[in-house]
Amino acid sequence: MTDLDKLAEVFASGSSEIVGTYRLFIQPNSVLREFRTVWHGFLFTIRGAARMCVNGTVYELHPGTVFHAAPDMLLDTRVIGDSEFEYYLLTYRLDNIRDGASVHECDAHFMLEPGANPRVTELLMLLHQSAHTVDGIGKLRSKELFLGIMHQVLVGCRLRESESSPSKMVIQQAIAYINGHYMNSLTLDELAELHGMSPKSFSYFFHKYTGVRPIDYVIQYRMERASELLLAGNYSIRDVAFSVGYDNPLYFSRVFKKKFGVSPSAYTSQ
């Protein structure tokens with residue numbers, strides 16, 4: 001069984017570099033025999049199903065599974081079912097100087113089961129679109145997307161391990177996600193789906209452990225960050241509103257006044 005924390009540490013250390021990003025389709029009943037890998041790589045199943053044999057080990061690939069292989073591995077793949085097999089393939093290389101954890105975790109074949117996640121598919125599409133950029137900023141964006149994908153996958157795996165009994169750890173992870181993405185458009189349905197729960201259950205457990213509903217927490221956190229920005233620099237109300245996730249500065253001002261009792265402009269003058 002793959003150690004999720006050790007695998008996360010490999011990519012958190014910055015020792016990986018993306019080689020290629022591919023979106024591929026294999027027709028029903030197709031068989032690909034004796035394909036030998038060149039790079040490390042992740043295969044993300046989007047649609048359909050396939051049976052893959054890697055060095056004698058058989059894996060069943062279906063939407064929501066993520067398969068990993070290392071260089072110089074022999075793969076046989078057979079599409080099963082009546083649907084074509086659609087997947088994204090991300091190949092990468094590791095730095096020559098690696099610690100024991102990266103060698104142990106990434107120089108192996110294994111399968112992760114984070115479950116189907118539309119956010120992962122969206123990030124894969126964006127990464128595929130930016131795959132041919134050659135300038136430094138484009139490469140940095142690709143690395144950001146890759147790390148975002150891995151974060152989503154590993155968090156999904158961790159959540160599925162505890163999905164039978166939603167724990168405080170799941171809600172702590174939800175809070176961490178909100179704190180890192182508060183500037184984006186966040187809905188209850190999106191947050192619940194991301195953490196493998198129904199909106200009703202997610203809202204219940206979030207309130208149970210925090211004392212507030214998820215969206216109320218999002219608003220509170222945004223207002224706290226907005227107050228810090230207003231006090232930290234000479235920013236316009238519009239810029240502060242945009243930076244904490246509000247497209248409408250007037251609506252932002254109303255929410256801010258409800259929270260602090262004064263308008264944003266009055267708050268800065270204090």
Side-chain angles (χ1 to χ4, degrees), residues 1-4 6-11 15-96 98-117 120-132 142-143 145-154 156-157 160:
M1 184 174 180
T2 303
D3 188 314
L4 299 180
K6 288 183 178 179
L7 187 59
E9 186 63 34
V10 173
F11 300 106
S15 61
S16 60
E17 179 184 353
I18 300 171
V19 175
T21 306
Y22 312 92
R23 184 184 182 188
L24 302 167
F25 302 83
I26 305 178
Q27 296 304 309
N29 302 315
S30 298
V31 179
L32 301 180
R33 296 191 182 280
E34 296 188 348
F35 172 80
R36 190 169 294 277
T37 57
V38 177
W39 305 102
H40 290 84
F42 284 99
L43 186 156
F44 299 79
T45 302
I46 303 300
R47 183 165 50 92
R51 183 174 295 114
M52 180 177 289
C53 181
V54 187
N55 293 354
T57 302
V58 177
Y59 295 93
E60 299 282 346
L61 309 181
H62 52 82
T65 61
V66 180
F67 170 76
H68 179 272
D72 200 31
M73 291 185 172
L74 195 62
L75 280 61
D76 285 336
T77 306
R78 177 185 296 273
V79 178
I80 55 180
D82 298 327
S83 174
E84 67 179 357
F85 184 60
E86 177 186 357
Y87 63 97
Y88 282 92
L89 175 63
L90 306 186
T91 57
Y92 70 95
R93 59 172 163 247
L94 296 171
D95 288 344
N96 291 329
R98 293 174 286 167
D99 58 24
S102 63
V103 172
H104 172 70
E105 296 301 324
C106 288
D107 287 350
H109 55 82
F110 55 82
M111 189 168 73
L112 303 171
E113 298 195 63
N117 184 341
V120 171
T121 303
E122 179 187 6
L123 291 173
L124 286 166
M125 292 172 60
L126 292 172
L127 180 57
H128 184 251
Q129 292 169 4
S130 63
H132 301 295
S142 294
K143 186 65 174 289
L145 291 169
F146 175 63
L147 293 178
I149 291 167
M150 294 312 303
H151 179 265
Q152 292 283 323
V153 167
L154 297 179
C157 291
R160 283 176 69 89

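Because the structure is predicted, anything quoted here is derived from the model rather than measured. Below, all heavy atoms of this structure are taken into account, side chains as well, without hydrogens, waters or symmetry copies.
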- request: Determine, step by step, whether Val120 and Val66 satisfy the side chain to side chain contact (heavy atoms under 4.5 Å, CB included) criterion, reporting the C-alpha distance in whole Å, the side-chain angles of both residues, the deciding distance to 0.1 Å, and the verdict.
  value: CA-CA 11 Å; Val120 171; Val66 180; over 6 Å; no

statement: So CG of Asp107 and NE2 of His40: to nearest 0.5 Å the spacing works out to 4.0 Å

- prompt: If you round to the nearest 0.5 Å, how far is OH of Tyr88 from CG of Leu123?
  reply: 10.5 Å

message: Taking the side chain as everything from C-beta on, heavy atoms only, tell me whether Ile18 gets closer than 4.5 Å to Leu127.
response: yes

- request: Could you list the residues that satisfy ring-ring contact (aromatic ring centres under 6.0 Å, His included) with His109, not counting sequence neighbours?
  value: Tyr59

query: Partners of Ser83 by side-chain contact (heavy atoms from CB on, under 4.5 Å), sequence neighbours excluded?
result: Arg47

task: Measure from the side-chain N and O atoms of His68 to the backbone N and O of Ala108, and report whether any donor-acceptor pair falls under 3.5 Å.
output: yes

task: Rounded to the nearest 0.5 Å, what's the gap from CZ on Phe44 to CZ on Phe67? Could you check?
output: 12.0 Å

Minimum-distance pair of heavy atoms, taken over all atoms of Ala70 and Thr37: O-OG1, 2.6 Å

task: Start with the C-alpha gap between Leu154 and Leu112, add the side-chain angles, then the distance that decides, and say whether side chain to side chain contact (heavy atoms under 4.5 Å, CB included) holds.
output: CA-CA 8 Å; Leu154 297 179; Leu112 303 171; 4.1 Å; yes

- prompt: Met150: what forms a side-chain contact (heavy atoms from CB on, under 4.5 Å) with it, not counting sequence neighbours?
  reply: Phe11, Phe42, Phe146

message: So which atom in Ser30 and which in Ile26 form the shortest heavy-atom distance, rounded to 0.1 Å?
response: CB-CG2, 3.4 Å

Atom pairs and distances, donor-acceptor, side-chain atoms in residues 73-82, under 3.5 Å, two or more places apart:
{"from": "Asp76", "atom 1": "OD1", "to": "Glu34", "atom 2": "N", "distance (Å)": "2.4"}

- prompt: Going by the salt bridge (charged side-chain N to carboxylate O under 4.0 Å, His left out) test, which pairs reach into residues 16-28, not counting sequence neighbours?
  reply: Glu17-Arg93, Arg23-Glu86

task: Could I get the full list of side chain to side chain donor-acceptor pair (under 3.5 Å) partners for His128, not counting sequence neighbours?
output: none

field: Straight-line distance of Leu4 CG to Cys157 SG, nearest 0.5 Å
entry: 5.5 Å

field: Whether over 12 other heavy atoms sit under 6.0 Å from His151 NE2
entry: no

query: Can you tell if the side chain of Val38 reaches within under 4.5 Å of the side chain of Val19, non-hydrogen atoms only?
result: no

message: Among residues at least two apart in sequence or on other chains, which ones pass salt bridge (Lys or Arg N to Asp or Glu O under 4.0 Å) with Asp72?
response: Arg36

field: Nearest non-hydrogen partners of Pro114 and Gly64, listed with the distance
entry: CD-O, 3.2 Å

task: Check ring-ring contact (aromatic ring centres under 6.0 Å, His included) between Phe85 and all other residues, then give those that pass, not counting sequence neighbours.
output: Tyr87

query: With sequence neighbours left out, what residues match Glu60 under salt bridge (Lys or Arg N to Asp or Glu O under 4.0 Å)?
result: Arg51

query: How long is the gap from OG1 on Thr21 to CD1 on Ile149, to the nearest 0.5 Å?
result: 7.5 Å

message: For the CG atom of Leu43 and the OH atom of Tyr22, what is their distance to the nearest 0.5 Å?
response: 13.0 Å

task: Could you check if a side-chain atom of Val10 sits within less than 4.5 angstrom of a side-chain atom of Ser16, using non-hydrogen atoms only?
output: no

message: Please check: side-chain N/O of Thr65 versus main-chain N/O of Leu61, any donor-acceptor pairing under 3.5 Å?
response: no

